[in-house]
Amino acid sequence: MDKYDKNNLNKILEHNNIEMEKPKKKKRILLKLGSNTLTRETDQISRGKIEDIGRQIAALKDDYEFVLISSGAVAVAKQFVNLERSGENIDVKQALASIGQPHLMRIFQESFRELGLLTSQILLSPNDFGRDDSKKNIINTMNVLLENDYIPIINENDTSSTEAIQFGDNDNLAAQTAALLDVDLFIIATNTHGVYKKGSISAETPETIRKVSDIDELKKEVMSETKSAHGTGGMESKVSAAEITQKAKIETWIVNGLDENFILNAINDEVHFTKIHH
Ligand SMILES: Nc1ncnc2c1ncn2[C@@H]1O[C@H](COP(=O)(O)OP(=O)(O)O)[C@@H](O)[C@H]1O
Ligand SMILES: N[C@@H](CCC(=O)OP(=O)(O)O)C(=O)O
């Protein structure tokens with residue numbers, strides 16, 4: 001037997017009262033990126049924004065592991081194609097998502113690789129969360145990816161389900177995934193500094209609700225009829241998503257993904273954002 005095998009080494013360390021340093025358990029963050037963040041509110045997916053996200057993940061990688069939920073498949077397709085039928089029909093949006101998804105993943109893969117980050121793609125449907133076998137398969141796959149330092153990038157499978165492109169349910173999908181993976185923190189990146197007080201929006205002096213635990217109070221502040229140019233679900237779907245994670249005892253942050261370094265700034269408490277306690 002090799003005298004330097006693991007058992008032998010442990011015995012020697014024990015005998016000499018030496019404790020081996022245990023590898024630190026990383027905190028798991030699930031980050032949801034809306035179309036607005038990824039396009040920087042333009043008609044093009046922003047490579048600069050994707051690089052900004054990659055740089056932050058790289059800076060945090062010793063302490064945090066990331067799972068991304070990324071919208072943007074429809075937005076990226078609109079850059080390349082103009083399908084015959086009206087872009088507002090659901091089936092046309094589904095076709096656009098199918099065209100855009102590989103482009104979206106290519107941009108992530110190219111930009112992240114430059115930073116030494118590995119990526120993988122996962123497409124999920126709401127139905128996947130209703131069956132024990134598929135839930136187990138999702139957890140197992142994610143664990144292998146994360147253990148091997150891959151960053152899973154999830155989007156809704158827009159061919160088999162239409163919730164995301166109809167109702168902005170990538171927020172909901174993200175919350176369900178956060179609960180399933182029992183993450184330490186759920187971050188939703190959008191184009192506002194979190195949820196604003198309703199009155200402050202009409203007065204054009206937006207004021208962020210910074211800490212909240214009562215979801216019903218938060219719902220009252222949402223302007224359900226208002227959403228941005230590329231967005232689908234508006235703030236309503238984000239607050240509903242936070243309701244799911246709150247029940248799962250996970251803290252949710254709604255942050256402004258348009259800002260450079262938005263994740264680092266939120267972690268260092270250098271910007272205003274909405275923190276929903278569990
Ligand atoms: N109380 C509120 N505070 C901030 N934004 C709100 C509020 N009520 C409604 N909104 C709208 O929600 C939008 C964000 O949701 P959405 O357009 O779906 O973006 P995303 O693409 O990031 O998912 C904001 O740009 C704003 O128009
Ligand atoms: N699966 C769609 C996501 C639609 C969606 O939920 O968009 P958003 O409200 O911007 O998060 C896409 O990739 O375009």
Side-chain angles (χ1 to χ4, degrees), residues 28-39 45 50 53-54 57 65-81 83 89-113 117-183 186-189 230-233 237-238 241 244-245:
R28 193 176 277 187
I29 296 184
L30 190 133
L31 171 65
K32 191 264 171 176
L33 303 160
S35 309
N36 279 303
T37 299
L38 293 165
T39 56
I45 287 286
I50 291 185
I53 294 159
I57 293 176
E65 60 188 17
F66 280 82
V67 176
L68 305 187
I69 305 265
S70 175
S71 300
V74 174
V76 82
K78 285 183 178 166
Q79 278 173 234
F80 298 109
V81 290
L83 291 185
N89 287 352
I90 283 298
D91 51 358
V92 175
K93 280 196 177 170
Q94 288 176 284
L96 286 170
S98 160
I99 295 164
Q101 181 64 23
H103 286 288
L104 182 67
M105 285 309 299
R106 177 177 49 78
I107 300 170
F108 267 111
Q109 202 167 36
E110 286 170 359
S111 310
F112 277 31
R113 196 174 42 211
L117 302 174
L118 302 164
T119 52
S120 76
Q121 173 192 260
I122 295 186
L123 298 178
L124 297 176
S125 303
N127 289 345
D128 294 330
F129 294 87
R131 294 195 350 245
D132 286 344
D133 59 339
S134 54
K135 284 200 280 192
K136 198 162 162 254
N137 286 329
I138 295 168
I139 294 172
N140 292 344
T141 308
M142 295 278 187
N143 282 341
V144 175
L145 289 167
L146 291 166
E147 276 159 22
N148 287 281
D149 293 329
Y150 274 78
I151 301 166
I153 304 180
I154 304 169
N155 199 349
E156 174 152 320
N157 182 345
D158 292 316
T159 304
S160 62
S161 49
T162 57
E163 275 85 346
I165 44 185
Q166 256 184 307
F167 313 115
D169 247 12
N170 256 3
D171 296 320
N172 181 288
L173 192 79
Q176 301 228 50
T177 310
L180 185 67
L181 299 183
D182 193 23
V183 301
F186 175 36
I187 302 180
I188 304 180
H230 287 289
T232 323
S237 70
K238 293 174 204 350
I244 295 173
T245 39

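Since the structure is predicted, the reported quantities are computational estimates derived from the model, not experimental observations.
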- Message: I'd like to check F108 versus I151 (side-chain heavy atoms, cut-off strictly below 4.5 Å). Are they in contact?
- Response: no
- Message: Is it the case that over 12 heavy atoms from other parts of the model lie below 6.0 angstrom from the CZ atom of F129?
- Response: yes
- Message: Could you tell me if the side chain of I154 sits less than 4.5 Å from the side chain of M142, heavy atoms only?
- Response: yes
- Note on the structure: Taken to the nearest 0.5 Å, the spacing of L30 CG from L181 CG works out to 7.0 Å
- Task: Search all heavy atoms of S125 against all heavy atoms of S160 and return the closest pair with its distance.
- Result: OG-OG, 3.2 Å
- Query: Can you find a side-chain donor-acceptor pair between S161 and E156 that sits under 3.5 Å?
  - Reply: yes
- Message: Taking NZ in K135 as the centre, count heavy atoms belonging to other residues, nucleotides or ligands within less than 6.0 Å. Is the count above 12?
- Response: yes
- Task: Decide if atom CG of N140 counts as having more than 12 heavy atoms of other residues, nucleotides or ligands within a radius under 6.0 Å.
- Result: yes
- Query: Does the side chain of I122 come within less than 4.5 Å of V67's, by heavy atoms?
  - Reply: no
- Closest non-hydrogen contact found for L104 with V76 is N-CG1, 4.1 Å
- Output the distance between atom CG (L68) and atom CD1 (I187), rounded to the nearest 0.5 Å. 10.5 Å
- Mind checking the CD1-CG spacing from I53 to L38? Nearest 0.5 Å is all I need. 5.5 Å
- Rounded to the nearest 0.5 Å, the OG1 atom of T177 sits from the CG atom of L173 at a distance of 4.5 Å
- Message: Can you give me the closest heavy-atom contact between L118 and D149, atom names plus distance?
- Response: CB-O, 3.9 Å
- Message: Please enumerate all residues that pass side-chain hydrogen bond (donor to acceptor under 3.5 Å, both in side chains) together with Q101, with sequence neighbours excluded.
- Response: Q121, N155
- Query: If we only count heavy atoms from C-beta on, is the P152 to L146 side-chain gap below 4.5 Å?
  - Reply: yes
- Message: Applying the side chain to side chain contact (heavy atoms under 4.5 Å, CB included) criterion to S134, which one of L124, N127, D128 satisfies it?
- Response: D128
- Query: Going by the salt bridge (Lys or Arg N to Asp or Glu O under 4.0 Å) test, which pairs reach into residues 94-112, not counting sequence neighbours?
  - Reply: R47-E110, R106-E110
- Over all heavy atoms of both residues, which pair between N148 and V144 is shortest? Give the atoms and the distance, please. ND2-O, 2.8 Å
- Query: Minimum heavy-atom separation for A97 to V74, with atom names?
  - Reply: CB-CG2, 4.0 Å
- Test log, rule side chain to side chain contact (heavy atoms under 4.5 Å, CB included), inputs I57 and F112: CA-CA 9 Å; I57 293 176; F112 277 31; 4.0 Å; yes
- How long is the gap from CD1 on I153 to OG1 on T119, to the nearest 0.5 Å? 5.0 Å
- Taking side-chain hydrogen bond (donor to acceptor under 3.5 Å, both in side chains) as the test, write out the residues that go with S71, two or more places apart. N170
- Message: Could you check whether any side-chain N or O of Q94 sits under 3.5 Å from a backbone N or O of T159, counting only pairs where one atom can act as donor and the other as acceptor?
- Response: yes
- Query: Do V183 and I29 pass the side chain to side chain contact (heavy atoms under 4.5 Å, CB included) test, and can you show the C-alpha distance, the side-chain angles, and the key distance before you say yes or no?
  - Reply: CA-CA 6 Å; V183 301; I29 296 184; over 6 Å; no
- Message: To check you understand the geometry: which heavy-atom pair defines the closest contact between G72 and I45, and what is its length?
- Response: O-CD1, 3.9 Å
- Query: Atom CD in Q109, atom OG in S120: separation rounded to 0.5 Å?
  - Reply: 9.5 Å
